Each structure stands twice: as structure tokens, then as C-alpha cells.
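Heads up: numbering here begins at 1 and tracks the sequence. This structure is a prediction, so every number in the text was calculated from the model and none was measured.
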Amino acid sequence: MPQNIRIIGTGQLIELQARLRRAGHENIRASMQRRIRRAAEPLRDDLQSTIRGLAIRSRGRGSGKRGGASPTTRPLRDTIAQAIRISVRTSGNPGAQVWVDKGRLPPDLRRMPDVINSGRIRHPVFGNRRRWAEQSAAPLWWENTVRAHTDRMNREVARVVDDVRRRLE
């Protein structure tokens, strides 16, 4: 299942935010938030390009089976890619969060990011619940993409925290 990915250095960020509030440095705070968002943007972009390019395969139709164009014009992978979001919080529980905003997905696709991430997609054929098709995709697309970006993001957030700490001293 695509999990919410959070890059945090909770103790450092909370302490730094308290110092920023006491010092009243709104421009430093806004700069910190912008830089943390920028650290998460390559991950969001890579997740979007990964889902857009993800191959979904089927076993194909057997001989004598009918087929045709999809009854929907909604592009599945692009719809999911557009729902991937970033949020940055600088108070309470500070950090950056990259997630699939299921509220931006149509009701019938809200489970699809989880289903595609499992690698096995089973669905009714053109809505006919008596006939089912099974398709496959590369499993764990979410986790593998996040794993590739985690170290870089942690380094960037640590650098932002150090820069802000130096500016406050």
C-alpha cells in the first residue's frame, strides 16, 4: 500500500520552530518551509513519472474472445499521478509529507494506488461482475521509488535545519 512518506527530524525541527517563533523571523520560517518543500518535490515528480510509465500487463484474450475499446476515457495512471501531493508543516508535527490524496481520485479509483502497488489488479470486465480479468504491474512501485530518494531528502532537510540554526545564532 502506498504509505504517507514523511521526512522529519522531529526533535530538531520542533526546537528550531520554537526558536523561530520566539525570534519572530517569519521570512526565515517561510524560507525553511519552501526549502523543505523543494527537497520533497523530486520525490513527488519521480513518483508521478513512475506511475505514469508503469506497465500494466494482462495475459491477453484467448481465441474467440471479444474485445474493444475501454468504456471510459479516464486515463488511470495519469489520474493517480495527479493525485500525488506534498504538504509541509512547520508546527505541531513538522516535516514534509508526500502522499496520494484519495479525495482527488474518483470514488471508484480510491483503492487503485494500493491495488497497483500490490502488483495484482483484478477487476470486472467492462463492469460485468460475472466476468473478471487479472492484470499485473511491477509491485512496490511506491516503496521502491521512495527508498531511492530517502537518503537525499534526509541530507537536504538536515542541511536546511543547519542553515536556519546558523542564521538564528
Side-chain angles (χ1 to χ4, degrees), residues 1-10 13-14 16-17 26-27 29-58 67-129 131-161:
M1 173 178 132
Q3 308 262 327
N4 292 341
I5 303 306
R6 308 182 80 197
I7 300 299
I8 56 175
T10 307
L13 287 174
I14 289 173
L16 203 53
Q17 286 304 319
E26 272 307 310
N27 60 343
R29 218 161 120 193
S31 171
M32 179 178 164
Q33 186 170 3
R34 185 175 52 252
R35 289 177 65 192
I36 291 173
R37 175 176 292 280
R38 281 193 193 136
E41 284 173 353
L43 172 60
R44 181 205 54 206
D45 296 343
D46 198 15
L47 284 167
Q48 288 175 334
S49 67
T50 300
I51 188 65
R52 282 186 176 115
L54 191 67
I56 298 178
R57 297 169 302 282
S58 66
S70 173
T72 178
T73 59
R74 183 179 59 216
L76 170 68
R77 289 169 285 204
D78 193 53
T79 302
I80 293 171
Q82 290 175 10
I84 297 175
R85 296 276 179 254
I86 298 174
S87 76
V88 177
R89 293 183 58 181
T90 57
S91 62
N93 194 5
Q97 185 174 13
V98 179
W99 84 103
V100 176
D101 184 358
K102 294 185 180 180
R104 295 188 55 93
L105 293 173
D108 61 330
L109 294 182
R110 295 217 168 117
R111 289 190 57 241
M112 281 309 287
D114 302 333
V115 171
I116 292 173
N117 195 52
S118 75
R120 180 175 178 250
I121 306 160
R122 190 168 181 274
H123 60 89
V125 176
F126 298 119
N128 180 355
R129 302 197 65 78
R131 287 196 58 185
W132 289 76
E134 188 171 317
Q135 294 178 291
S136 62
L140 304 177
W141 66 272
W142 182 272
E143 284 85 356
N144 293 338
T145 306
V146 168
R147 194 174 303 118
H149 285 267
T150 302
D151 290 340
R152 178 196 54 80
M153 289 178 60
N154 283 330
R155 284 192 309 271
E156 287 187 36
V157 169
R159 186 171 44 241
V160 169
V161 168

Restricting to side chain to side chain donor-acceptor pair (under 3.5 Å), what partner residues turn up for [X], sequence neighbours left out?
X	result
Asp108	Arg74
Arg152	His149, Glu156
Arg147	Asn144

With sequence neighbours excluded, tell me which residues meet side-chain contact (heavy atoms from CB on, under 4.5 Å) with Ala133. His123, Val125

Not counting sequence neighbours, which residues clear side-chain contact (heavy atoms from CB on, under 4.5 Å) with Asn128? List them please.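 Asn128 satisfies side-chain contact (heavy atoms from CB on, under 4.5 Å) with Arg130, Arg131 only.
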
Any side-chain heavy atom of [X] within less than 4.5 Å of one from [Y]?
X	Y	value
Leu109	Ile80	no
Val146	Val98	no
Leu47	Ile51	no
Arg122	Val115	no
Val100	Asp114	no

Quick one: does [X]'s side chain have a donor or acceptor within less than 3.5 Å of a partner on [Y]'s backbone?
X	Y	answer
Arg120	Asn117	no
Gln48	Ala81	yes
Thr79	Pro75	yes

Using a cut-off of 6.0 Å, state whether more than 12 heavy atoms not belonging to Arg111 lie near its atom CZ. no

Within the supplied structure, the quantity of interest is the number of heavy atoms (other residues, nucleotides, ligands) at a distance under 6.0 Å from Arg129 CZ; does it exceed 12? no

Quick one: CD1 on Ile116 to CG on Leu54, what's the gap to the nearest 0.5 Å?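 Going from the CD1 atom of Ile116 to the CG atom of Leu54 covers 6.5 Å.
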
With rounding to the nearest 0.5 Å, note down the distance linking CZ in Arg77 to OG1 in Thr50.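 Here the interatomic distance stands at 12.5 Å.
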
Give me each pair satisfying salt bridge (Lys or Arg N to Asp or Glu O under 4.0 Å) with a member in residues 39-56, each pair once, sequence neighbours excluded.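 Residue pairs passing salt bridge (Lys or Arg N to Asp or Glu O under 4.0 Å), neighbours aside: Arg52-Asp78.
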
